[in-house]
Trainee: 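Structure provided below as structure tokens; questions to follow.
Throughout, residue positions are numbered sequentially from 1 according to the sequence presented. Start at 1 and go down the list; that is how both ligands and their atoms are numbered. The shown structure was predicted, so the numbers you read here are calculated from the model rather than taken from an experiment.
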Amino acid sequence: MIIINILHIGIDDTDSPDGMCTTFLASQIINKLEDNGIELLDYPRLIRLNPFARFKTRGNGGVSFKIKNDEKASLAKQIVLEEVEKLSMFDCDNTNPGVIFYEGEITEEMVDYAFRAIYEFITIEEAEKFAKSVGCEIHKFKKGRGIIGSIAAISLPLEDYTFELLTYRAPENYGTKRQIDYDSVYEMDRQTFPDTFENIDYGEKYIAIEPKTPCPVLYGIRSNTVEALKTAKDIVKVSEPIVDYCIYKTNQHTDMHIQKTPDIASMKQYGCYEVTGEVKNKPTIIDGGHMFFYIQDESGEIECGAYEPTKGFRQTVSNLRPGDVIRVFGGIGEQNTFNIEKFQVLKLNDVEYKNPVCECGKRMTSAGKNKGFKCKKCGRKIESNEKVPIVIERNLKNHQFYETPVSARRHLSKPLCRM
Ligand code: ATP
């Protein structure tokens with residue numbers, strides 16, 4: 001067996017809300033590497049990390065790719081560092097690029113680190129200490145916060161993965177309205193879903209492939225296969241130049257951020273979990289349109305939230321009633337509320353206890369505390385205080401999953417079409 005010596009390259013934190021995108025910067029680097037006869041081994045990777053990370057610009061993504069660690073490796077490193085220096089949005093306080101070079105096989109402790117970067121918070125100092133301990137070459141620009149994500153982007157194993165095709169705009173068009181033919185996006189979705197997904201939010205008539213920021217991306221299509229992405233790209237029509245495109249292998253839509261937890265009490269703030277509980281109270285909506293209810297188990301209870309941006313999902317949530325047992329996927333945010341990404345009904349409470357029906361057909365009313373029931377129509381009385389169980393119709397189904405709409409979905413959330 002021939003063992004190839006590999007150079008892993010990780011890049012993060014090069015963009016700002018005003019522009020750039022680490023994927024675009026990486027695609028520029030990849031072009032330069034190819035111009036110099038340096039080919040990537042496998043697709044470049046776009047790795048989404050802790051969705052609650054404080055300093056993220058948008059979706060907390062880092063990029064990595066690997067090449068042969070041969071006589072051209074030092075030229076490759078030089079190209080990477082020059083491009084990061086040239087293209088990063090250094091004027092933004094929050095842009096603190098970090099580049100990591102790592103030679104060899106990814107070790108188990110690096111894998112553990114990568115999962116920690118998805119589940120927890122890591123400081124720059126911790127990341128630097130770790131990177132040194134495993135022999136990474138570290139390049140920090142300004143504060144160099146990007147090294148946190150760069151190490152994880154290199155190290156995360158991808159057992160489940162998806163692909164994203166990103167097309168890039170001509171610089172003179174940055175910040176202007178994107179010239180995408182929406183009808184062709186609908187056509188692309190018709191022809192390629194569910195191999196591609198997250199293209200359109202039909203409820204909100206929202207074209208999800210189109211970013212809403214002034215970044216270099218024209219559109220991004222997500223898919224299970226590269227073939228479907230190529231078909232999709234041929235269908236989507238645009239009336240502005242596409243100067244480049246790049247296909248990333250990614251942990252998007254894999255639920256990799258979701259941790260299993262034994263019970264509600266074991267969940268921590270800023271963690272994302274799958275947990276089972278019984279609905280405690282009827283969901284209620286507050287000013288601002290956010291909907292809340294509690295779930296409970298033997299260890300405790302937690303407030304669950306379906307926020308206003310989840311739109312029609314709140315209607316689904318409002319159908320829950322006390323006693324329903326559900327498996328909820330989501331994350332505990334700033335307000336210590338468990339933000340629901342999706343839920344599965346494990347057991348519906350479809351029994352309601354009502355006053356008995358009188359022989360004359362009228363439902364009886366209470367005759368007073370512990371005094372049984374009486375009929376207002378025919379005057380009949382019964383001594384028993386026992387209400388009778390009635391099976392009620394529910395708008396939810398046992399075992400079924402319900403998810404937030406595309407427009408409100410996290411990059412890491414696995415959509416039902418992939419489950
Ligand atoms: P985009 O998606 O547009 O590329 P972004 O949302 O990924 O932008 P970045 O500019 O990359 O945002 O900033 C995220 C920062 O958070 C990076 O510096 C990254 O190293 C850091 N980071 C990533 N994961 C963690 C974590 N678990 N703990 C602390 N910091 C993290």
Trainee: Looking only at side chains, do Arg48 and Thr254 share a donor and an acceptor under 3.5 Å apart?
Mentor: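 There is no such pair (donor and acceptor under 3.5 Å, judged by atom type) between the side chains of Arg48 and Thr254.
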Trainee: Mind telling me whether Phe401 and Phe329 have parallel, tilted or perpendicular rings, with 30° and 60° as the class edges?
Mentor: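 Tilted, since the angle between the ring planes falls between 30° and 60°.
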Trainee: Has ligand 1 got any nitrogen or oxygen that is less than 3.5 angstrom from a nitrogen or oxygen of Arg116?
Mentor: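 Checking ligand 1 against Arg116, no N or O pair falls under 3.5 Å apart.
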Trainee: So which of Thr95, Asn60, Leu49 gets nearest to atom 22 (N) of ligand 1, if we judge by its closest heavy atom?
Mentor: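 Result: the heavy atom closest to atom 22 (N) of ligand 1 is in Asn60.
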Trainee: Short list, please: which atoms of ligand 1 are under 4.0 Å from a heavy atom of Arg48?
Mentor: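 Selected atoms, number and element: 2 (O).
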Trainee: Taking the inter-plane angle between the rings of His139 and Phe101 on a 0 to 90° scale, is it parallel (under 30°), tilted (30 to 60°) or perpendicular (over 60°)?
Mentor: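 Geometry flag for Phe101 against His139: perpendicular rings.
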Trainee: Heavy-atom contacts under 4.0 Å between Asp13 and ligand 1: side chain, backbone, both, or neither?
Mentor: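 Both of them.
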Trainee: Could you check atom 19 (C) of ligand 1 against the protein and tell me its nearest heavy-atom contact, residue, atom and distance included?
Mentor: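 Residue, atom and distance for the closest contact: Asp12 OD2, 3.2 Å.
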Trainee: His411 and Arg222: side-chain donor and acceptor closer than 3.5 Å?
Mentor: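 The answer is yes; a qualifying pair exists.
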Trainee: Give the residue, atom name and distance (to 0.1 Å) of the protein heavy atom nearest atom 1 (P) of ligand 1.
Mentor: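 Minimum-distance protein heavy atom for atom 1 (P) of ligand 1 reads Asp15 OD2, 3.1 Å.
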Trainee: Could you tell me whether Asp201 and Lys311 make a salt bridge, using a distance below 4.0 angstrom between a side-chain N and a carboxylate O?
Mentor: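 Here Asp201 does not pair with Lys311 in a salt bridge, since their nearest N and O are not under 4.0 Å apart.
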Trainee: With heavy-atom distances below 4.0 Å as the criterion, list the atoms of ligand 1 near Gly149.
Mentor: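 The list of qualifying atoms is 19 (C), 20 (O).
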Trainee: What's the shortest distance from atom 29 (C) of ligand 1 to any protein heavy atom, and which residue and atom give it?
Mentor: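 Residue, atom and distance for the closest contact: Ile122 O, 3.1 Å.
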Trainee: Would you mind checking which non-hydrogen protein atom is closest to atom 10 (O) of ligand 1, with the distance to 0.1 Å?
Mentor: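 That would be Thr57 OG1, 2.8 Å.
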Trainee: Taking the side chain as everything from C-beta on, heavy atoms only, tell me whether Ile200 gets closer than 4.5 Å to Val406.
Mentor: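 When only atoms from C-beta onward are counted, Val406 and Ile200 do not touch, as no gap falls below 4.5 Å.
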Trainee: So which protein heavy atom does atom 13 (O) of ligand 1 come closest to, and at what separation?
Mentor: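 Protein heavy atom with the smallest distance to atom 13 (O) of ligand 1: Phe55 O, 3.4 Å.
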Trainee: In the protein, which heavy atom is nearest to atom 7 (O) of ligand 1, and how far is it?
Mentor: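 Protein heavy atom at minimum distance: Gly61 N, 2.5 Å.
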Trainee: Salt bridge check: are Lys32 and Glu82 linked by an N-O gap of less than 4.0 Å?
Mentor: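 Answer for the salt bridge query: no.
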Trainee: Which of the atoms of ligand 1 are close to Glu120, meaning less than 4.0 Å from one of its heavy atoms?
Mentor: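 Result: 26 (C), 27 (N), 28 (N).
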Trainee: At what distance is the nearest protein heavy atom to atom 30 (N) of ligand 1, and which residue and atom is it?
Mentor: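 Its nearest protein heavy-atom neighbour is Ile148 CD1, 3.6 Å.
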Trainee: For the residue pair Tyr202 and Tyr186, is the inter-centroid distance of their aromatic rings smaller than 6.0 Å?
Mentor: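 When the ring centroids of Tyr202 and Tyr186 are compared, they turn out to be within the sub-6.0 Å range.
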